[in-house]
Amino acid sequence: MDDLGFGLWVTFVGMGLVFGLLVALWLLLSLALRFEARGPGAADERRATDEARLATGAAVAPAPERIAIRPTDGGPPPEPALVAAIGVAVALHAESRRLQAAPAMRSYWPGSLLFASRWVSAGRTRQSQSWHRRPR
Amino acid sequence: MDDLGFGLWVTFVGMGLVFGLLVALWLLLSLALRFEARGPGAADERRATDEARLATGAAVAPAPERIAIRPTDGGPPPEPALVAAIGVAVALHAESRRLQAAPAMRSYWPGSLLFASRWVSAGRTRQSQSWHRRPR
Amino acid sequence: MDDLGFGLWVTFVGMGLVFGLLVALWLLLSLALRFEARGPGAADERRATDEARLATGAAVAPAPERIAIRPTDGGPPPEPALVAAIGVAVALHAESRRLQAAPAMRSYWPGSLLFASRWVSAGRTRQSQSWHRRPR
Amino acid sequence: MSDATIAQLLAGVTGLTWQAIVMFGVAGILLWLAIARDYEPLLLLPIAAGAILANLPHSPLIGEEGLLTILYDAGIENELFPLLIFIGIGALTDFGPLLENPRMVLLGAAGQFGIFGVLILALLLGFSRAESASIGIIGAIDGPTSIYVSGQLAPHLLGPITVAAYSYMALVPVIMPPIMRALTTPAERRIRMAPGGRTVSRRTRILFPIGVTLLVGTLVPMAAPLIGALMLGNLMRESGVVQRLTGAASNELANVVTLFLGLAIGSTMVGASFLQPGTLAILGLGIVAFGLDAATGLVLAKGLNRLSGGTFNPLIGAAGISAFPMAARVVQRVAQSEDFENFPLMHAMGANAAGQVASAVAGGVLLALVAGSAV
Amino acid sequence: MSDATIAQLLAGVTGLTWQAIVMFGVAGILLWLAIARDYEPLLLLPIAAGAILANLPHSPLIGEEGLLTILYDAGIENELFPLLIFIGIGALTDFGPLLENPRMVLLGAAGQFGIFGVLILALLLGFSRAESASIGIIGAIDGPTSIYVSGQLAPHLLGPITVAAYSYMALVPVIMPPIMRALTTPAERRIRMAPGGRTVSRRTRILFPIGVTLLVGTLVPMAAPLIGALMLGNLMRESGVVQRLTGAASNELANVVTLFLGLAIGSTMVGASFLQPGTLAILGLGIVAFGLDAATGLVLAKGLNRLSGGTFNPLIGAAGISAFPMAARVVQRVAQSEDFENFPLMHAMGANAAGQVASAVAGGVLLALVAGSAV
Amino acid sequence: MSDATIAQLLAGVTGLTWQAIVMFGVAGILLWLAIARDYEPLLLLPIAAGAILANLPHSPLIGEEGLLTILYDAGIENELFPLLIFIGIGALTDFGPLLENPRMVLLGAAGQFGIFGVLILALLLGFSRAESASIGIIGAIDGPTSIYVSGQLAPHLLGPITVAAYSYMALVPVIMPPIMRALTTPAERRIRMAPGGRTVSRRTRILFPIGVTLLVGTLVPMAAPLIGALMLGNLMRESGVVQRLTGAASNELANVVTLFLGLAIGSTMVGASFLQPGTLAILGLGIVAFGLDAATGLVLAKGLNRLSGGTFNPLIGAAGISAFPMAARVVQRVAQSEDFENFPLMHAMGANAAGQVASAVAGGVLLALVAGSAV
Ligand code: NA
Ligand code: NA
Ligand code: NA
């Protein structure tokens with residue numbers, strides 16, 4: 001029964017290849033992890049995560065995590081609505097800080113113009129405003 | 001004048017078909033409405049509308065509408081800005097509740113992963129945080 | 001050496017055309033600017049800014065507005081988070097107001113003003129602000 | 001070589017025709033309507049831009065592999081774009097008011113008479129059958145339907161027909177009130193409708209698009225694409241479980257397609273073919289179709305009013321022409337100008353939604369009848 | 001003429017076949033699953049809609065130049081859509097948990113056995129080799145992989161295979177727990193895993209997708225498209241410098257493509273070809289593949305547990321089947337039902353991510369073996 | 001069979017060429033530039049990814065029906081993608097600063113000299129005329145223009161030219177300051193420009209894109225696509241009535257197209273053809289073009305300064321090279337390093353916007369001259 005033979009052969013070779021590849025991947029990973037620099041790693045880590053969060057485009061995403069709001073004066077917990085609102089605010093503000101502080105090397109064109117438009121423009125506005133104001 | 005005849009024929013048959021189809025639609029609708037369950041209907045209604053609102057992606061747009069905020073203590077009406085802020089908050093919070101409370105059956109993949117990543121991640125974080133904390 | 005000749009010819013004609021076209025553009029512009037009507041221009045300006053600001057479904061657009069927030073009672077400056085939150089709020093509220101109050105003439109279909117040009121607002125704000133200030 | 005090249009360098013200037021210059025003027029008018037008057041800017045602005053780019057001398061944009069040619073082939077020739085936009089419209093349309101007052105479907109049907117009335121007029125003016133049907137479809141007062149039908153029956157008239165359809169749709173608030181006032185008495189306009197308090201369950205809202213698709217798709221296969229697309233969008237919307245898709249269809253996708261659609265249609269407005277007496281006839285017939293739609297809708301509504309013993313506000317008949325949702329808003333405005341406390345808006349919305357469905361149905365019917373007999 | 005036209009007008013009604021009516025019922029079931037039960041609505045709803053539109057009598061939507069035909073040619077025939085969706089999935093997948101526990105890759109590999117087991121069963125049932133492989137790929141429990149492989153080996157089975165793949169993926173929380181309970185002891189389910197405290201640097205996260213692409217792409221060229229697309233998305237995500245692209249790939253693009261993909265696949269479900277005994281066999285075999293995947297994963301995990309001296313929770317093995325990220329969440333639920341303080345979620349996520357990679361690899365391997373030997 | 005299959009299984013490994021390995025290294029460098037140094041990541045990252053996928057042994061991604069082939073045919077071969085991106089750029093560009101100082105157009109024109117200077121050098125190095133023009137266009141220092149022109153004149157050089165164009169654009173802040181300091185005196189750099197207080201009305205802002213399109217499109221038809229697309233986007237932006245379209249063109253559409261464009265261009269970087277001495281020459285000539293652009297801009301600005309009696313800051317001349325809006329920001333930085341109170345930013349923005357227009361014009365001119373004489 002040739003088909004059955006074919007099936008068994010495919011199964012054998014196929015599973016072999018799958019396992020082989022993933023084991024190779026395992027070795028590759030272990031190798032990579034050998035050269036892990038913990039300290040900076042964690043730092044980069046956090047940065048990467050923040051960026052990834054912002055990446056979702058929906059600045060609202062990280063709201064729940066970001067805000068560990070607890071009334072410092074041991075008062076009652078704030079309303080969920082307020083919590084969410086502040087969540088939005090913090091996320092947006094964080095994004096603005098991050099993008100205004102971008103190094104001169106950051107490329108604004110053609111992609112990042114979205115951000116440029118949103119926030120750098122605000123910064124530029126302030127710049128040119130102060131320039132308008134100086135005369136006075 | 002054959003063209004005129006054609007025109008009249010098209011008009012006659014055409015308007016007939018249009019009216020026929022829409023009357024058939026009318027019957028269909030009346031039939032459907034016969035089997036209306038009022039109570040649950042209204043409930044589903046509201047739910048559907050909420051979802052539809054969130055669906056627009058701009059969960060925020062209808063916010064001001066949604067919340068008929070009135071000062072319970074008969075004080076002056078709140079500032080529009082505050083109203084809107086709470087509007088955002090409520091909408092976002094509602095979305096988060098809806099998605100975190102989604103039944104296990106809810107399919108997160110491939111589409112809703114965006115939401116999953118947004119909100120479920122938050123829930124998951126809390127989960128593993130509480131797990132870290134317990135030892136203390 | 002024909003190729004060199006060709007290169008020189010292309011350079012000569014090419015730079016000539018580029019300069020010629022841009023000088024023509026210059027004349028065109030000067031002509032247009034001759035017929036500048038200041039008042040209406042600025043007015044249009046303002047309207048355009050509002051539209052642009054609302055256009056951005058991203059609540060972040062009204063940054064410039066945000067910057068203008070100052071405690072009236074000379075108290076301490078508000079927290080950035082709060083400032084941002086109010087920024088979001090005002091924009092959203094304005095948008096909702098505007099969409100509800102839209103004149104019948106506005107075309108809602110196929111798109112009402114959900115998302116759009118993000119970096120018009122700041123630049124325009126700058127201009128209309130400087131325009132506002134000039135009178136003083 | 002130099003001489004040839006010089007000639008080639010001047011080819012642009014020498015290639016400028018008077019038709020092109022006139023078309024630049026036409027485009028200028030469209031831009032003025034779109035920007036200064038806010039008439040359907042989302043379509044008229046891209047159309048005008050496409051017309052300008054297409055009429056530039058030796059325009060590479062409409063040559064083979066030209067940008068506008070690519071867009072035309074990608075979505076107009078195969079009717080993809082109007083259908084995608086219809087999905088978005090379905091996702092944005094709330095048929096609730098119609099479900100609450102099913103009898104409103106009659107007004108939607110009446111609002112399509114202009115299509116056929118104008119078809120006859122166009123035939124009398126000597127247009128071919130396919131052309132006449134394409135001109136008549138302006139009476140659907142619905143952009144994608146007009147594009148879909150005329151794109152199949154008379155692609156060479158796509159430009160003027162689309163421009164007419166969208167311009168007149170934008171003119172609804174200007175054209176309709178006089179007609180409405182002429183055909184109704186102040187007393188009729190003051191009639192207050194009883195609020196249709198009925199609540200429609202989510203189940204019905206979900207079954208509606210499915211039922212319409214099956215019904216229309218079976219009885220008029222030619223209408224299946226238009227109705228199917230419209231109802232697919234509405235099903236996504238009412239299901240409430242695919243917000244991502246609903247949002248994409250009504251925002252990202254609709255925006256990009258609208259831009260491409262407008263540009264591609266504008267590219268068909270090349271002077272030599274656009275500047276014909278036929279174009280003026282089309283613009284004229286379009287406005288006639290418009291008036292006929294409104295008139296038949298109002299007349300039928302007056303009949304309903306008589307039948308219902310004076311409890312039905314005839315103005316609502318004018319909302320059956322589709323032009324969703326502007327027509328309904330105009331009805332509300334006119335009614336309010338008589339009686340500030342009168343709010344027929346929701347009933348008008350029902351008729352308006354019915355008109356939207358009826359327009360797509362009429363488009364399919366027209367395709368079936370004309371395509372079936374033309375050849 | 002009139003007679004012909006009348007006949008043509010009735011063509012729709014007369015063209016209605018019993019298969020079409022049955023398919024409307026099938027679509028109704030899919031819609032019910034999608035809307036009422038929330039089973040993978042993002043795919044099942046468009047698929048059902050496509051099936052309805054495709055089974056309308058003389059449906060113009062699947063004719064030449066029909067909307068569904070255009071979508072099918074645009075993205076299914078050339079495999080574009082599943083790959084684009086894979087880019088989006090990669091942009092949404094966090095391989096961190098896998099990087100923290102590389103050994104989890106073994107469970108991902110084990111979770112693919114169902115593919116081959118079912119391939120054999122299908123051969124025994126008389127399916128051709130290409131068909132059997134396509135049916136087996138349901139065992140990848142990954143939508144795009146199933147579509148990609150069956151689209152190349154057996155396009156005529158695309159409909160049932162895709163429906164089975166997505167339906168069963170949605171059923172993960174229903175199907176898996178019993179299997180998991182049957183193959184593990186309460187004591188095993190109570191095992192708490194040590195938190196994998198290791199931090200993975202951003203550099204490693206960025207090198208991972210590149211390395212996987214080079215490794216797999218070199219060893220199994222046929223797997224390059226699937227793995228390449230998945231890892232491209234992940235590279236964009238982890239790089240953190242192209243948020244615009246990551247967002248576009250995982251939102252706008254993914255949404256539009258998902259809609260088109262569903263419609264196009266639904267359009268392949270035409271009654272005459274779908275209503276075959278083979279379809280039932282496929283649905284049955286699909287669930288077998290599902291069970292085999294979970295079982296082999298669990299068994300291997302029990303082995304790992306023995307090797308690790310009882311410190312490895314076997315439930316995690318069930319997460320190797322991919323069905324990302326539901327399987328991991330189900331593992332968490334089942335573990336918690338035994339010991340509320342137990343949180344194997346992060347470890348399960350690692351196995352789950354490994355399953356995602358393994359599924360794509362297995363798909364490519366299958367293509368290489370079968371396409372290589374079929375002809 | 002088994003042997004054949006084994007051979008086929010090993011085909012990947014055996015098919016690995018040294019060129020492929022080198023290209024992986026090249027892609028690694030591009031990724032490092034994009035991720036670690038943040039050099040134009042939105043283009044360089046997809047390009048690098050495309051290069052990796054294209055150089056995999058027997059890569060199915062560049063075979064017929066391969067993902068990258070589909071993307072290439074969809075938007076590079078027909079020049080669709082660069083034009084769509086140009087629409088987005090137009091929608092994001094504020095020509096206000098140019099409208100306030102029209103004379104800045106001169107600096108934009110001067111900033112294109114590098115194109116022609118390098119064209120001559122390339123001819124002397126033995127490149128064909130079409131190739132030389134394609135290399136020269138790197139001097140436009142504008143991505144889409146380079147892609148558009150070289151895609152028509154020398155598609156086989158698309159890869160290196162695009163990489164050079166985007167890499168050097170990202171290097172603006174590194175390359176320009178030394179040149180600027182070398183060609184200007186501290187006194188000149190300290191010159192403060194009078195604020196161009198003029199307000200530009202909305203009407204003028206709207207008429208500008210229309211006028212430019214008509215002017216350039218008529219005089220240099222070959223430049224119509226580039227200028228037309230850029231100005232279409234700007235018209236949509238300034239009209240203020242089609243925000244949906246403006247947003248779609250500058251966000252959703254631009255993002256997706258950027259991703260596809262990068263991948264498709266990367267797919268042209270196949271080792272065998274990319275690893276040629278010519279590539280190095282192109283990279284070298286590109287940086288020369290860059291320097292020439294800046295130098296001519298500065299020299300002309302010094303002339304203007306003399307004419308204006310020392311009231312014109314020559315640094316602004318360097319902003320005429322386009323590379324919008326980085327060049328203007330660099331001017332601001334250099335000027336501030338001399339005098340912290342100096343803000344030539346807005347004037348530099350004007351020159352920069354002029355450079356953007358001039359680049360597109362120069363691209364069209366080059367096409368006209370070379371395509372006209374090549375054959
Ligand atoms: Na109508
Ligand atoms: Na799997
Ligand atoms: Na330039």
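Throughout, protein chains are lettered first and strands after them, A, B, ... in sequence-line order, and every chain is numbered starting at 1. The structure displayed is predicted, hence computed values, not measured ones.
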| request: Output the distance between atom OG1 (Thr11(A)) and atom CD1 (Ile115(E)), rounded to the nearest 0.5 Å. | output: 10.5 Å
| query | Quick one: OG1 on Thr204(E) to CZ on Arg34(A), what's the gap to the nearest 0.5 Å? | reply | 12.5 Å
| note | Rounded to the nearest 0.5 angstrom, the CH2-CG distance for Trp26(A) and Asn101(E) is 10.5 Å
| query | Which atom names give the shortest non-hydrogen contact between Val365(E) and Gly14(A), and what distance separates them? | reply | CG1-CA, 3.7 Å
| field | Side chain, backbone, both or neither of Leu207(E) within contact of chain A (heavy atoms, under 4.5 Å) | value | neither
Let me have the donor-acceptor pairs involving side chains of residues 221-233 of chain E, under 3.5 Å, with sequence neighbours excluded, atom names and distances please.
none

| task | Mind checking the CG-CZ spacing from Asp2(A) to Arg129(E)? Nearest 0.5 Å is all I need. | result | 4.5 Å
| said: Do Leu4(A) and Leu123(E) have side chains that approach each other closer than 4.5 Å (heavy atoms only, starting at C-beta)? | reply: no
| note | With sequence neighbours left out, the residues meeting ring-ring contact (aromatic ring centres under 6.0 Å, His included) with Phe116(E) are none
| request: To the nearest 0.5 angstrom, please state how far the CG atom of Asp3(A) sits from the OG atom of Ser128(E). | output: 8.5 Å
| Counting heavy-atom pairs under 4.5 Å to chain E, which of Leu27(A), Leu21(A), Leu17(A), Val23(A) comes out on top? | Leu21(A)
| So which of Leu106(E), Val242(E), Leu366(E) has the largest heavy-atom pair count under 4.5 angstrom toward chain A? | Leu106(E)
| note | Okay, Leu28(A) and chain E: the region with an atom under 4.5 Å from a heavy atom over there is side chain
| message | On a heavy-atom basis, which atom in Pro102(E) and which in Leu33(A) lie closest, and how many Å separate them? | response | CG-CD1, 3.5 Å
| query | Can you list the steps and then say if Phe6(A) with Ile120(E) is a side-chain contact (heavy atoms from CB on, under 4.5 Å)? | reply | CA-CA 8 Å; Phe6(A) 170 75; Ile120(E) 295 177; over 6 Å; no
| message | As an exercise: rank Ile206(E), Leu121(E), Leu215(E) by heavy-atom pairs under 4.5 Å with chain A and give me the winner. | response | Leu215(E)
| said: With heavy-atom distances below 4.5 Å as the criterion, would you say the side chains of Val105(E) and Phe19(A) are in contact? | reply: no
| task | Output the distance between atom CZ (Phe12(A)) and atom CG (Leu369(E)), rounded to the nearest 0.5 Å. | result | 12.0 Å
| note | From the list Gly108(E), Ala354(E), Ala110(E), the residue making the most non-hydrogen contacts under 4.5 Å with chain A is Ala110(E)
